[in-house]
2 protein chains.
Amino acid sequence: MFKISEFSRLSRVSLKTLRYYDDFGILKPAKIDKETGYRYYSADQLLTLNRILMYKDLGFTLQHIQQLLREDISMESVRGMLQRKENEIQQRLEEERERLSKIQDRLLLLKREGRVEKEQEVFMKSVEAQKIISFCSHGTVEEIPELFHKLEQLVGKQKRQLLPQMVMWKESESNEAEFELEVAYSLKQEIAISSDILNVRMLPEEPMMATLLQRVDPFVPSTACIDLAKWLEDNHYRIKKDQPGREVYVQSLEENGGTYVEVQIPIEAVRRGS
Amino acid sequence: MFKISEFSRLSRVSLKTLRYYDDFGILKPAKIDKETGYRYYSADQLLTLNRILMYKDLGFTLQHIQQLLREDISMESVRGMLQRKENEIQQRLEEERERLSKIQDRLLLLKREGRVEKEQEVFMKSVEAQKIISFCSHGTVEEIPELFHKLEQLVGKQKRQLLPQMVMWKESESNEAEFELEVAYSLKQEIAISSDILNVRMLPEEPMMATLLQRVDPFVPSTACIDLAKWLEDNHYRIKKDQPGREVYVQSLEENGGTYVEVQIPIEAVRRGS
DNA sequence: GGCGAATGTTTAAAATCAGTGAGTTTTCCC
DNA sequence: GGGAAAACTCACTGATTTTAAACATTCGCC
């Protein structure tokens, strides 16, 4: 039997940690003196502690280790836990690599350009599925404001329920100025359709969108869309052609708070060589 | 101006998080109604929030992001922070790779052998510098018990101060059964030397030791040392030849608690191909 | 116009994970 | 008796999430 400090020296695990393991229940001392409350550990427990350390090294949480230490655990469960852990680590590795390459990009740009670019504020996110009310049209970017006006009139007064506005554009390759557009409001709840030009539908979830948020002056078409497309090209991302890009407009209605547009372009996972 | 829930939908950041950011001080609402305490956000703040998200994505903590968001931050500081982050991620990547390969090894062994081997309980740790009292000798493994006995007699009665026993062996290639040994006690404090065969010295820190803990029967030489060496060879680790290996004995003196030996072999960092 | 129900919003506190650190009191051992 | 070592508690880490209790609003319904 060892006192806690001896056991700590032997195992090179701190006193705090040993006491914590006791509290947690993962390694109870073999004996506790009733009078003094002193913890006494047996030599056997070095073995257990060693296993704990090993599993910890492998990245398991104490809870999982507790399961793994149980005598009656089957080999299949062990294998399962190991495999789940393997996947988890694979994924984390992927994320870290991603992060690293982003940081390296930024460093490179900082060195080359000597400043932090607005264009760097490109950001990946997932956008969940949402319900929209919309109509389709043809037109140039300059016509978007009137299309919004039209939508507003068609939908009517229940503005409270809808937020925000968005435009989706399908690339129409034939004509560079004119696009096939869908002008929409995002809906919180169901809504009664009052027109047969309008349709209500679900926009599917996009697991990966490259987004860029920019302030825009009203009635001046923004360059955000082009900026983002350029950034994507520079960074060797592949644009998902089967899903349209979106421009989501955010405006402080009542005030002079300005208008912002967030361009969202669905992309596919393409690992690029750094 | 947006209410918190609108702002949350717009930015796809949860209410909880927005409130937390307010508390944290990283993104205070543009206005708070005195009467109701309601938070109101401006459209501008979407931009700030987007920057926050981007930095978070890069792996920065909120504290660092707060620094990065300050207007007066110099480009040099930004670069510094990015570079520190880069190193940090590099290191984490390394660790994760290590972990992954360990898990994959275990999985492989589980599949091949159908059980979790005792030999797998090999564990890497660093061992800090320590003071020892020892004497050197020549002998076979069978002679170790008597050498310990001799050491005990030489040192005398102050057993309380010393823990644990250890043997260090330098490979003596000429003779397979006989080793050059150093028999030692690990010392907690200074001790008066009573003999000129004994010497007190520091054992240097070993940043990386492969260790294996095994129960041993008294007077039966253990195979732990051989097991560990075999494992190392299987796993393509390189043994540091300039430092001796150690066998650290742990025994519950007073009881029938058994004796354990932990074999420690210093190794060098060699990344192995999987 | 009033009622209840269902949301929506606020605040604050506690849990998460695996400990570390500081500070105080009790016990051990010589 | 004195100093080391044991115990204990409380606070803190990071970035939220969860929970609970207290108000506010909006809805249908009568």
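Throughout, protein chains are lettered first and strands after them, A, B, ... in sequence-line order, and every chain is numbered starting at 1. Atoms considered below: every heavy atom in the structure, side chains included; atoms not considered: hydrogens, waters and symmetry mates.
By the 4.0 Å N-to-carboxylate-O rule, Arg84(A) lies too far from Glu88(A) to be salt-bridged with it. Ionic pairing of Glu94(B) and Arg97(B) is present here: one or more N-O contacts between side-chain nitrogen and carboxylate oxygen are shorter than 4.0 angstrom. For the pair Asp57(A) and Arg99(B), the salt-bridge criterion is not met [side-chain N within less than 4.0 Å of a carboxylate O]. The pair Arg79(B)-Glu86(B) does not meet the salt-bridge criterion, since no charged nitrogen lies less than 4.0 angstrom from a carboxylate oxygen.
Nearer to the 5' terminus of DNA chain C, by closest-nucleotide assignment, is the contact made by Tyr20(A) (compared with the other of Tyr20(A) and Asp33(A)).
Taking the side chain of Tyr38(A) as heavy atoms from C-beta on, and the options dA7(D), dT16(D), dT11(C), the nearest nucleotide is dA7(D). The side chain of Lys3(A) lies closest to dC29(C) when the candidates are dA15(D), dC29(C), dT10(C).
Here dC28(C) presents its C1' atom at 15 Å from CD1 of Ile4(A), a figure rounded to the nearest Å. Per the geometry, CG belonging to Leu15(A) stands 14 Å off C1' belonging to dC8(D), to the nearest Å. Between Phe7(B) atom CZ and dT9(C) atom C1' the separation is 17 Å, expressed in whole Å. Rounded to an integer number of Å, the gap from Leu18(B) CG to dT9(C) P is 12 Å. Following rounding to the nearest Å, Gln66(A) (CD) and dC17(C) (P) show an atom-to-atom distance of 12 Å. We find that CG of Asp23(A) is positioned 8 Å from P of dC8(D), with the value rounded to whole Å. The interatomic distance linking Glu35(A) (CD) with dT27(C) (P) rounds to 9 Å, in whole Å. One atom, NZ of Lys34(A), and another, P of dA7(D), lie 15 Å apart when rounded to the nearest Å.
Phe60(B) and Tyr55(B) have perpendicular rings, their planes meeting at more than 60° on a 0 to 90° scale where under 30° would count as parallel. Using cut-offs of 30° and 60° on the angle between ring planes, the pair Tyr38(B) and Tyr40(B) is tilted.
Residue Tyr21(B) is in sugar-phosphate contact alone, with no base atom involved, counting any heavy-atom pair closer than 4.0 Å across all strands shown. Here Arg19(B) lies in heavy-atom contact (under 4.0 Å) with a base. No engagement by Phe24(B) is indicated, since no non-hydrogen atom pair under 4.0 Å with the nucleic acid exists.
Put simply, Ser14(A) has no side-chain N or O that comes within less than 4.0 Å of OP1 or OP2 on dG19(C). Taking 4.0 angstrom as the limit, Thr36(A) places none of its side-chain polar atoms (N or O) nearer than this to OP1 or OP2 of dT26(C). An OP1 or OP2 oxygen of dT9(D) is reached within less than 4.0 angstrom by no side-chain nitrogen or oxygen of Lys16(A).
Donor-acceptor pairing under 3.5 Å is recorded for the side chains of Ser134(B) and Asn199(B).
The stretch residues 56-63 of chain A touches DNA chain C through Lys56(A), Thr61(A), Leu62(A), Gln63(A), each having a heavy atom under 4.0 angstrom from the strand.
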